[in-house]
Amino acid sequence: MGEKILVTGGAGYIGSHCVLELIEAGYHPVVIDNFSNAVQGEGVVAESIRRIEKLLNTTIEFHQLDLLDRPGLENLFKKHTFAAVMHFAGLKAVGESVEQPLRYYKVNLTAAMNLIEVMQTNNVRNLVFSSSATVYGDPTRLPIDEQHPVGGCTNPYGKTKFFIEEIIKDQCKAEKDWNAVLLRYFNPIGAHSSGLIGEDPQGIPNNLLPYVAQVAVGRRQCLSVFGDDYDTVDGTGVRDYIHVVDLSKGHIAALKKLKENCGCKVYNLGTGKGYSVLQVVKGMEKASGKEIPYKIAPRRGGDVASCYADPKLAEEELGWKAEFDMERMCADLWRWQSMNPTGFTKSTTS
Ligand code: UD1
């Protein structure tokens with residue numbers, strides 16, 4: 001049996017894709033999730049995890065557990081010897097975080113603190129953290145490398161990513177046997193090529209690709225393009241979209257890095273290429289064969305014109321780089337969306 005890896009938030013979009021890659025790479029993931037954003041399947045297993053079990057013909061240890069449940073977490077660490085932890089769990093809606101800052105700070109920071117403390121007392125010293133390019137705020141230069149100043153983001157969600165990064169960095173400084181890899185994601189999209197797992201936002205999607213995919217499948221009528229007067233190729237916002245399977249492979253590379261007793265390391269996970277909103281819409285029209293109606297709407301508060309990575313460091317130090325192009329990202333997203341028009345729930349209401 002491979003090394004045991006604790007995956008928090010492992011039923012969610014990125015977590016579930018990483019669980020799949022972990023198994024394929026020979027690891028033994030133990031998954032926890034509190035269902036705050038993931039769909040529960042039969043029994044107490046998340047539907048995403050149940051589908052990975054089917055696809056890979058395996059069983060996955062899953063626990064419904066909230067990281068705020070300290071005794072529950074301590075019990076889990078008593079039962080298992082984890083080689084490392086991958087921490088994905090957290091609240092992640094930007095707009096909601098502006099309206100409910102205390103909830104975001106309390107949940108995301110307390111969850112991270114509980115996890116790190118319980119790791120410390122149980123001698124688990126290897127951590128991969130799901131951070132975000134949002135920590136860079138409005139970029140002062142492009143492409144964005146890891147030396148770019150951080151802490152400039154304006155919403156509480158983004159600040160929790162920044163604060164947790166700082167906490168982990170300080171812990172690694174204080175305890176020399178700690179190793180952590182902080183992965184700053186650009187914009188993860190797409191789905192596993194099986195079409196069995198993918199992104200399933202609850203309610204109206206905040207992010208571009210889930211919204212576009214729901215328009216293509218007939219679940220929503222029209223996309224609002226937030227601003228067409230940015231200083232970009234066609235006036236719409238430019239982002240570095242990265243296939244979620246490429247992103248997940250970056251996490252496997254990070255686990256290998258921890259083995260080198262690397263201390264605290266920070267890597268961008270992006271492709272280095274920027275696409276505008278309208279270019280993405282074209283890509284999804286091609287993949288789906290559907291017209292995607294859109295209208296130009298006012299800019300969204302807090303958005304930046306352009307954001308894309310310099311991904312060189314991850315290639316040099318992790319031996320990882322993104323392989324899938326925009327066409328493949330759109331094709332895989334469309335397969336997931338068309339096979340699962342209402343996501344993981346079978347109901348026809350949305
Ligand atoms: C957003 C978050 C970021 C978070 C990331 C992953 C904001 C300001 N930033 O990044 O903190 O880490 O998601 O969850 O919310 N767009 C439209 N119409 C839509 C939706 C989006 O035109 O209905 C545009 C946006 O203006 C932007 C681009 O599409 O130019 C990408 O937006 P989105 O998918 O929300 O990602 P980010 O804003 O980059």
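Both ligands and their constituent atoms are indexed starting at 1 by order of listing. Just so it is clear, the structure is predicted and the values come from calculations on it, not from any experiment.
Applying side-chain contact (heavy atoms from CB on, under 4.5 Å) to Ser16 and the options Leu196, Ile52, Val31 leaves one that passes, Ile52.
Nearest to atom 30 (O) of ligand 1 by heavy-atom distance, out of Gly227, Gly95, Gly237, Pro188, is Gly237. One option in Phe226, Tyr230, Tyr185, Phe186 has a heavy atom closer to atom 19 (C) of ligand 1 than any other, and that option is Phe226. Of the candidates Val225, Leu208, Thr236, the one placing a heavy atom closest to atom 21 (C) of ligand 1 is Leu208.
At under 3.5 Å, not a single nitrogen or oxygen of Leu209, backbone or side chain, sits near a nitrogen or oxygen of ligand 1. Between Arg300 and ligand 1, an N or O atom pair is found at a separation short of 3.5 Å. The N/O atoms of Lys92, backbone and side chain alike, include none that comes under 3.5 Å of an N/O atom in ligand 1.
Figure legend: cation-pi geometry between Arg184 and Tyr267 absent, as NZ or CZ is not positioned both under 6.0 Å from the six-membered ring centre and within 45° of its axis. For the pair Arg328 and Phe324, the cation-pi test (distance below 6.0 Å, angle within 45°) is passed.
Linking Ile, Leu, Val, Met, Phe, Trp and Tyr whenever their side-chain heavy atoms come within less than 4.5 Å leaves Phe162 and Val128 in two separate clusters. Hydrophobic clustering (side-chain heavy atoms under 4.5 Å, transitive across Ile, Leu, Val, Met, Phe, Trp, Tyr) groups Leu255 together with Leu20.
In this structure, atom 11 (O) of ligand 1 lies nearest to the protein heavy atom Thr134 OG1, 3.2 Å. Of the protein's non-hydrogen atoms, the one nearest atom 3 (C) of ligand 1 is Val94 CG2, 4.0 Å. If you check which protein heavy atom lies closest to atom 10 (O) of ligand 1, you get Asn187 ND2, 4.0 Å. Of the protein's non-hydrogen atoms, the one nearest atom 24 (C) of ligand 1 is Val277 CG2, 3.6 Å. The closest protein non-hydrogen atom to atom 25 (C) of ligand 1 is Asp303 OD2, 3.4 Å.
In Val280, neither the side chain nor the backbone holds a heavy atom less than 4.0 Å from any atom of ligand 1. With a 4.0 Å cut-off on non-hydrogen atoms, Ser224 touches ligand 1 through its backbone and not its side chain. Counting heavy atoms closer than 4.0 Å to ligand 1, residue Asn207 contributes atoms from both its backbone and its side chain.
Within the 4.0 Å heavy-atom cutoff, Arg239 counts among the residues contacting ligand 1. Contact between Ser132 and ligand 1 is present, with at least one heavy atom of the residue lying under 4.0 Å from the ligand. Using a 4.0 angstrom heavy-atom cutoff, Tyr241 counts as in contact with ligand 1. Under a 4.0 Å heavy-atom criterion, Tyr157 is in contact with ligand 1.
Taking the six-membered ring where the residue is Trp, Tyr136 and His148 present perpendicular rings, their angle passing 60° and hence far from 30°. Relative orientation of the Tyr105 and Phe163 rings is tilted, given thresholds of 30° and 60° on the angle between their planes. Relative ring orientation between Phe82 and Phe77 is described as perpendicular, the plane-to-plane angle rising above 60° on a 0-90° scale split at 30° and 60°.
With no hydrogens or angles considered, no side-chain donor-acceptor pair links Thr59 and Glu53 at under 3.5 Å. Side-chain contact of Glu21 with Tyr27: a donor-acceptor pair under 3.5 Å is absent, judged by distance alone. Judged purely by distance below 3.5 Å, without hydrogens or angles, the side chains of His192 and Asp332 never pair a donor atom with an acceptor atom.
For ligand 1 and Asn206, the ligand atoms under 4.0 Å from any heavy atom of the residue are 20 (C), 35 (O).
Salt-bridge formation is not detected for the pair Glu61/Lys4: no Lys NZ or Arg NE/NH1/NH2 atom is positioned less than 4.0 Å from an Asp or Glu carboxylate oxygen.
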